[in-house]
Novice: 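I am attaching a structure below and will ask some questions about it afterwards.
In listed order, ligands and their atoms are each counted from 1. Keep in mind that the numbers below use all heavy atoms, side chains included, and drop hydrogens, waters and symmetry copies. If you're wondering where the values come from, they're calculated on a predicted model, not measured in any experiment.
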Amino acid sequence: MEFDDPRAGQWIEIDGNSLIHNLELFRKTIGKDASLLAVVKANAYGHGLSKIVPKAAEVAEWFGVHTAEEARQIRRLGPNVPILIMGFVPPSELYDLDCNHHLVVSSSQSLEWIASYRQRTGVKLPIHIKVDTGAKRQGVPVDALPKLFDSASQQSIDVVGVASHFANIEDTIEHEFARVQLQRFREALEVVQRELKELPPYIHASCSAAALLFRETDFTLARVGISMYGHWPSRETRLSWSMEHQGDGVNLHPVLTWKTLVGQFQLVDRGESVGYGRTWTARRPSQLAVIPVGYADGYSRSLGNRGRVLIRGRSASVVGRVCMNILMADVTDIPDVSVGDEVVLIGRQGEEEVQVEELASLSETINYEFLARLSPAITRSMV
Ligand SMILES: *Cc1c(COP(=O)(O)O)cnc(C)c1O
C-alpha cells in the first residue's frame, strides 16, 4: 500500500474494486438506453475527487458536479467524458469550459451569460433545462418552459437535455409524491417536444434512490451519487427495495475506510475527568488512547461520549468531548494497546465494523453529510 504522504497521521483508503463493483451494479441495473452518470460533487462525497474520477471513468460514462471549478478539475484529471455541471454557475465562473461541459440552467439570466461566453470564446456550451416538478429548489415550472426555450433559441443556444429532481424519494416508503413529480416531468417533456419538434437526447431525473427503486426514472441518463460509494440513500429506500424484491438484496460495498494511529496512551485514576468541559469521569482506573483526529477533520463534535473507534479488532468508546484535532477512546478492556497501533474510525478492522451510518445517526445527520464533511486535507489512497 502506498500513501501520498507517509507522514500523514491519518488517511482515507479508497477501495477501487468496491467502487467498480457498485458502478457495474448500476450499469447492469439501469436501462440499456440510459448512460450512467457518476455524481462526484463535494470532493466525490468526501472520497477524494482525484482518486475517484480516474477509477470511476472505467465504468461511468458521465460525471456530475456542482460547480464549474469541479468540472475543470475533472478535465485536468484526464478523462474526456461529458461532465454535467448541476449547480448555479455565476458569470465569473464561466471560463476554461469546453463543449463537453454541460450546464444545467434554470433561468434566462444564465442563458444570457452562456451566450456571452460563446461570443467571447466561440465555445458553444450544451445546456440542459431544469424543470421544477415539486422540489422548489432549482428549475422552472412547466408553464415557464416555452419562454425559456424561446430565449435559448433566440440566442442560438443548444438545448441538449431536460432534467428534474425528486424532493423526497429517499425519505419515505410512500412514493405518491415521487409519482406526482414524475407525471409533471412527463408533461414537461410533452411541452419540450412541442417546442423543439423532438426530445433532446439527454432526459434525466434520477438519483440513487430512484435508480434503485424505479426503472421508469432512468430515461436516458441516470445520476447516481451516494450508492456508487456503497451506501444506501436511507433506511426507507432499503426497506422499499426489500418490500418489492424478495431474496438477495442489492449488495453495495462501502468504498471508504478512515484510519489513524494511537498517538499517545493515558492512564486515568478513578474519579478523574477527561477532556474539555470534563464531561466524562472515570468510574475505574482507566486506560485511554489519545487519537489525532477531531472535528476539524470531519469527526463530528457531537460524537463526544457517543462514538466508538476500532483498535486491535475491538471497539473502544469515545470518552469526553471531541476536540478540534484530537479525541480520546477508552481502551481499558483492550489488552496491549500501544502508541502507533492502527485505529479505524470508519470501516472494518478484523471482525468489527463501524459504518458511517452509525456515526451519522449518533450525530443526528445522514451518511451523505458525514462523508461530505471529511476534510479534503486528509490523505486519500487507492488500495
Ligand atoms: C447530488 C445529486 C444527485 C445524486 O443523488 P444521490 O442521492 O447521492 O444519488 C442527483 N441529482 C442531483 C441534481 C444532485 O444534486
Side-chain angles (χ1 to χ4, degrees), residues 19 22-23 25-27 29-30 34-47 49 52 56 59-68 70-71 74 82-89 102-106 110 127-140 161-172 175 178 181-182 185 188 202-215 217-238 240-241 250 252 254-256 356-357 360 365-374:
L19 180 68
N22 301 328
L23 285 165
L25 190 149
F26 279 96
R27 190 45 282 172
T29 308
I30 62 175
S35 299
L36 177 59
L37 180 148
V39 180
V40 293
K41 65 196 182 196
N43 197 25
Y45 289 52
H47 290 62
L49 190 70
I52 294 297
V59 181
E61 292 129 328
W62 281 69
F63 286 108
V65 292
H66 184 67
T67 67
E70 292 170 312
I74 292 178
I83 301 168
L84 185 69
I85 302 169
M86 303 186 293
F88 170 71
V89 179
H102 295 235
L103 291 174
V104 176
V105 169
S106 304
S110 293
I127 71 149
H128 299 219
I129 297 287
K130 185 95 176 238
V131 191
D132 176 39
T133 53
K136 294 284 172 195
R137 195 176 77 162
Q138 297 163 301
V140 298
V162 185
S164 195
H165 194 53
F166 291 105
N168 72 339
I169 201 161
E170 53 280 280
D171 291 284
T172 172
H175 291 105
Q181 285 193 274
L182 204 49
F185 190 51
Y202 305 112
I203 309 294
H204 45 109
S206 73
C207 53
S208 296
L212 286 160
L213 299 178
F214 302 107
R215 272 301 49 78
T217 63
D218 290 343
F219 296 99
T220 65
L221 191 60
R223 310 187 305 247
V224 175
I226 192 82
S227 295
M228 70 177 262
Y229 306 100
H231 300 274
W232 284 84
S234 65
R235 291 167 58 178
E236 288 77 6
T237 305
R238 194 167 196 165
S240 300
W241 195 93
V250 175
L252 297 171
V255 168
L256 176 148
V356 69
E357 285 73 16
T365 183
I366 53 173
N367 48 8
Y368 291 72
E369 182 182 354
F370 206 93
L371 290 168
R373 283 174 170 271
L374 293 174

Novice: Quick one: CD1 on Ile203 to CZ on Phe185, what's the gap to the nearest 0.5 Å?
Specialist: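 Nearest 0.5 Å value for the CD1-CZ distance: 6.0 Å.
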Novice: Ligand 1: which protein N/O atoms lie under 3.5 Å from its N/O atoms?
Specialist:
from     : atom 1 : to     : atom 2 : distance (Å)
ligand 1 : 7 (O)  : Tyr368 : OH     : 2.7
ligand 1 : 8 (O)  : Tyr45  : OH     : 2.6
ligand 1 : 8 (O)  : Ile226 : N      : 2.8
ligand 1 : 9 (O)  : Ser208 : N      : 2.7
ligand 1 : 9 (O)  : Ser208 : OG     : 2.5
ligand 1 : 9 (O)  : Gly225 : N      : 2.8
ligand 1 : 11 (N) : Arg223 : NE     : 2.9
ligand 1 : 11 (N) : Arg223 : NH2    : 3.3
ligand 1 : 15 (O) : Lys41  : NZ     : 2.6

Novice: In terms of side-chain heavy atoms, does His165 have a donor or acceptor partner in Gln138 at a distance below 3.5 Å?
Specialist: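 No donor-acceptor contact under 3.5 Å links the two side chains.
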Novice: Listed by chain and number, what are the side-chain contact (heavy atoms from CB on, under 4.5 Å) partners of Asn168, not counting sequence neighbours?
Specialist: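 Here the qualifying residues are Asp171, Thr172, Phe177.
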Novice: Can you sort out the partners of Glu236 under salt bridge (Lys or Arg N to Asp or Glu O under 4.0 Å), two or more places apart, ordered by chain and number?
Specialist: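 For Glu236 there are no salt bridge (Lys or Arg N to Asp or Glu O under 4.0 Å) partners, ignoring immediate neighbours.
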Novice: Mind checking what makes side-chain contact (heavy atoms from CB on, under 4.5 Å) contact with Val59, not counting sequence neighbours?
Specialist: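 Val59 satisfies side-chain contact (heavy atoms from CB on, under 4.5 Å) with Ile20, Leu23, Glu24, Arg27, Leu36 only.
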Novice: Please walk me through it: do Ser110 and Leu103 pass side-chain contact (heavy atoms from CB on, under 4.5 Å)?
Specialist: CA-CA 10 Å; Ser110 293; Leu103 291 174; over 6 Å; no
